[in-house]
Amino acid sequence: MTVFALADCNNFYVSCERVFNPKLVGKPVIVLSNNDGCAVARSNEAKNLGIKMAVPYFKIKHLIDGENVHVFSSNYALYGDMSNRVMQTLVTFTPVIEIYSIDEAFLDFTNFAFTNLTDYARSIQSTVRKNTGIPISIGIGTSKTLAKIANRIAKKSLKANGVLDLTSSTYIDIALEQIPIEDVWGIGKRYAAYLKLINIKTALDFKYADTQIIKKKMGINGVRTQKELYGESCYSLETTPSVRKSVAVSRTFKTPITCFDELSQALSSYISRGAEKLREQDSFSENMTVYLLTNRFKKESFYYNSRSHVFTTATNTTPEMIRQGKLLLKQIFKEGKEYKKAGVVFSNLVKKGCVQQDLFSPSDHTRSKKLMKAIDKVNSQMGRHCAQYAATGLSKKQPWRTSFNYRSPAYTTDWNQLLIV
DNA sequence: TCTGGGGTCCTAGGACCC
DNA sequence: TCTGGGGTCCTAGGACCC
């Protein structure tokens with residue numbers, strides 16, 4: 001039988017801010033999404049004030065001012081680096097680990113037969129805290145879904161205090177009864193709404209529900225989730241990070257754009273970033289999709305359109321992609337609209353060495369490959385936007401640039417922003 | 001006034017093949 | 001009058017995750 005532990009950082013982005021700013025401990029703190037749009041991380045104190053996940057900033061402004069909530073813009077350089085530190089510590093406790101997201105990892109405890117798992121988890125918890133300053137919770141179960149549920153309870157229950165071992169079958173059903181159906185891993189808003197209609201309200205209801213009904217409505221994954229609640233593991237640990245099957249870059253603009261040239265600059269910079277990501281993982285793209293849209297909250301005037309291009313030979317060369325991207329943009333751009341967001345998706349990715357060449361127009365990419373390599377090197381040594389394409393615009397004050405008005409310093413990744421004590 | 005970004009997988013249906 | 005069966009591949013859309 002498998003045994004998995006899920007280690008999950010508590011209110012991760014907020015905890016990262018607190019490590020370098022201890023005055024924030026015990027106070028309500030939130031971290032906002034791009035353009036300071038929505039609350040994407042909340043301290044427990046902020047949650048207790050009723051600030052919900054992903055709520056727009058402008059809707060809670062009164063609360064923030066009234067209750068003295070500390071507000072931060074997203075600081076991805078800091079969170080990414082802190083995440084690495086946490087993961088590096090976790091690896092020292094078991095080499096069999098799946099880094100599931102920026103703040104979560106599954107650990108394989110399967111062969112820890114002579115270990116008290118709760119004690120072991122507590123020592124992981126305290127070591128991570130000591131090494132990084134980040135508080136984590138750990139849930140243990142015989143399937144990933146049960147480990148997730150154990151983690152959820154570990155976080156909320158005072159008695160569990162951050163660690164819960166749910167491998168003993170005696171307690172599983174008691175735990176499942178406390179879990180609302182929408183909190184089960186794999187069951188989102190849509191399925192939860194349906195399940196409640198047919199009187200499946202908790203994880204326990206789901207476990208003992210008619211499998212045929214689940215299969216019909218939710219397909220094979222619904223059945224898997226049900227099995228996982230029985231403790232039968234259907235999702236194994238993915239220990240080797242898999243290469244991406246698609247790469248996307250998109251941004252919402254701070255202020256709407258009406259002008260084609262500005263839109264084209266924004267899109268060119270997203271394509272440029274996407275091409276960099278492709279080169280980072282040695283992938284080439286066969287298919288590029290460009291899309292744009294107006295404010296999705298103004299339903300009456302909403303406009304969305306997209307167009308794709310298939311490259312004869314898969315590529316990751318920025319200028320070639322920008323050229324095609326602009327052609328696609330021209331096809332979907334409509335005069336007089338107020339655009340709020342644009343993006344690009346690269347799909348049908350091919351690994352280096354597997355790119356199908358064109359028999360009738362064989363091309364030599366040696367020069368462009370050298371150029372891309374040189375540009376990537378400059379940018380990695382001198383900073384991301386050091387060398388860029390003119391198509392992305394030369395002005396620093398483009399209206400489409402994402403704003404971060406409350407961003408903390410990059411304490412751990414920039415010599416000029418070190419914490420001064 | 002103001003509302004994020006980046007992914008994965010599954011399924012149904014259409015086109016096509018023999 | 002009466003029109004089969006089995007299979008693959010691709011795509012769009014819908015669901016989910018963080």
Side-chain angles (χ1 to χ4, degrees), chain A residues 6 8-9 11-13 30-41 51-62 64 71-76 79-80 83 98-106 144-145 148 151-152 181-195 214-225 228 234-235 238 241-256 270 273-274 277-278 281 283 286-287 289 291 293-299 302 304 306 308 310 338 340-349 400 402-405:
Chain A
L6 175 69
D8 188 321
C9 302
N11 314 329
F12 182 55
Y13 292 178
I30 61 169
V31 177
L32 302 173
S33 62
N34 279 0
N35 288 319
D36 300 329
C38 300
V40 290
I51 298 176
K52 301 265 185 260
M53 183 64 179
V55 66
Y57 180 47
F58 72 89
K59 285 191 182 170
I60 49 170
K61 191 94 183 23
H62 61 284
I64 286 166
V71 177
F72 290 88
S73 304
S74 291
N75 184 342
Y76 301 117
Y79 311 150
S83 172
E98 172 184 344
I99 297 173
Y100 180 67
S101 73
I102 193 164
D103 71 336
E104 281 174 70
F106 286 103
K144 284 180 165 178
T145 306
K148 275 265 182 189
N151 190 291
R152 185 160 228 103
I181 187 67
E182 63 270 24
D183 286 354
V184 176
W185 194 43
I187 296 175
K189 245 169 136 178
R190 289 297 179 80
Y191 287 150
Y194 169 77
L195 290 167
I214 291 173
K215 167 108 205 243
K216 189 138 187 267
K217 191 73 189 175
M218 302 174 63
I220 188 69
N221 281 331
V223 179
R224 283 184 184 140
T225 297
E228 288 238 324
C234 299
Y235 300 104
E238 311 285 333
S242 48
V243 278
R244 307 234 163 287
K245 292 172 179 167
S246 66
V247 163
V249 180
S250 71
R251 292 289 180 276
T252 298
F253 312 134
K254 186 70 195 172
T255 46
Y270 307 155
R273 178 66 196 127
K277 288 197 202 175
L278 290 172
Q281 62 161 38
S283 280
E286 286 182 343
N287 191 300
T289 303
Y291 64 92
L293 42 95
T294 60
N295 191 338
R296 63 195 165 101
F297 298 99
K298 287 185 186 163
K299 297 235 161 36
F302 183 68
Y304 167 90
S306 71
S308 299
V310 178
E338 299 201 320
K340 202 57 182 125
K341 179 175 179 176
V344 63
V345 183
F346 297 118
S347 51
N348 290 13
L349 305 189
W400 46 270
T402 314
S403 67
F404 300 92
N405 289 325

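Below, read A as the first sequence line, B as the second, and so on, with proteins coming before strands; counting in each chain starts at 1. Both backbone and side-chain heavy atoms feed into the values below; hydrogens, waters and symmetry mates do not.
- The main-chain N or O of A:Tyr235 is found under 3.5 Å from a side-chain atom of A:Glu228 such that the two form a donor-acceptor pair.
- Among B:dG5, B:dC10, B:dG6, the nucleotide with an atom closest to any side-chain atom of A:Val249 is B:dG6.
- A:Val247 comes within 4.0 angstrom of sugar-phosphate atoms only, judged by non-hydrogen atoms across all strands, and of no base.
- The main-chain N or O of A:Tyr191 is never found under 3.5 Å from a side-chain atom of A:Lys217 such that the two would form a donor-acceptor pair.
- For B:dG6, neither phosphate oxygen OP1 nor OP2 lies less than 4.0 angstrom from any side-chain nitrogen or oxygen of A:Ser246.
- When atom types are taken as modelled, the side chain of A:Ser33 and the backbone of A:Val40 share no donor-acceptor pair closer than 3.5 angstrom.
- Dashed line: the shortest gap from a side-chain N or O of A:Asn34 to OP1 or OP2 of B:dG5 is under 4.0 Å.
- For the pairing with A:Tyr13, the side-chain contact (heavy atoms from CB on, under 4.5 Å) check across A:Leu32, A:Asn75, A:Ile102 returns one residue only, A:Ile102.
- Along DNA chain B, the nucleotide nearest to A:Ala248 and the one nearest to A:Pro256 differ in position, and the one closer to the 5' end is contacted by A:Pro256.
- The ring of A:Phe297 lies on top of the base of B:dT3, close enough and flat enough: under 5.5 Å between centres, under 30° between planes.
- A:Lys61 comes within 4.0 angstrom of nothing in the nucleic acid, heavy atoms only.
- Among the atoms of the strands shown, only primed sugar atoms or phosphate atoms (P, OP1, OP2) are found under 4.0 Å from some heavy atom of A:Lys340.
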If you write DNA chain C from 5' to 3' in dot-bracket form, with Watson-Crick or G-U pairs under 3.5 Å, [ ] for crossing pairs and | for pairs with another strand, what do you get?
-> ....||||||||||||||

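- Side chain of A:Thr225 to backbone of A:Asn221: a donor-acceptor contact under 3.5 angstrom is found.
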Do any N or O atoms of the protein come closer than 3.5 Å to N or O atoms of nucleotides 11-14 of chain C, and which pairs are they?
none

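- Here A:Ile102 lies out of heavy-atom contact (under 4.0 Å) with every strand.
- Residue A:Lys245 is the one, among A:Lys245 and A:Met218, whose nearest nucleotide of DNA chain B lies closer to the 5' end (criterion: closest heavy atom).
- At whole-Å resolution of the value, CD in A:Glu238 and P in B:dG7 are 18 Å apart.
- For A:Lys59 (side chain) and A:Cys38 (main-chain N/O), no donor-acceptor pair under 3.5 Å exists by modelled atom type.
- What separates OH of A:Tyr191 from P of B:dC9 is a distance of 15 Å, to the nearest Å.
- Taking side-chain N and O atoms only, A:Arg296 has a distance below 4.0 Å to OP1 or OP2 of B:dG4.
- Note on A:Arg273: nothing from the nucleic acid sits closer than 4.0 angstrom, heavy atoms only.
- The phosphate of B:dG4 (OP1 or OP2) has no side-chain N or O of A:Thr402 nearer than 4.0 angstrom.
- Within the nucleic acid shown, A:Lys148 comes within 4.0 Å of sugar-phosphate atoms alone, with no base atom in reach, counting heavy atoms only.
- The pair A:Lys144-A:Glu238 does not meet the salt-bridge criterion, since no charged nitrogen lies less than 4.0 angstrom from a carboxylate oxygen.
- Heavy atoms of A:Val55 sit nowhere under 4.0 angstrom from any nucleic acid atom.
- Between the CD atom of A:Glu98 and the P atom of B:dG7 there is a distance of 17 Å, given to the nearest Å.
- Side-chain N/O atoms of A:Lys217 include none lying less than 4.0 angstrom from OP1 or OP2 on C:dA15.
- Checked against B:dC2, B:dG4, B:dG6, the side chain of A:Ser33 finds its nearest nucleotide in B:dG4.
- A:Val31 comes within 4.0 angstrom of nothing in the nucleic acid, heavy atoms only.
- Listed for the A:Lys341 side chain is no donor-acceptor partner under 3.5 Å among the backbone atoms of A:Phe253.
- As judged by a 4.0 angstrom heavy-atom cut-off over every strand, A:Tyr100 is placed among residues touching the sugar-phosphate backbone only.
- Counting to the nearest Å, the P atom of B:dT1 and the CD1 atom of A:Ile60 are 18 Å from each other.
- Going from the P atom of C:dC18 to that of B:dT3 covers 25 Å, rounded to whole Å.
- A:Asp103 comes within contact range of the sugar-phosphate backbone alone, with a heavy-atom separation under 4.0 Å but no base atom that close.
- Contact between the side-chain N/O atoms of A:Lys277 and the OP1/OP2 oxygens of B:dG7 is found at a separation under 4.0 Å.
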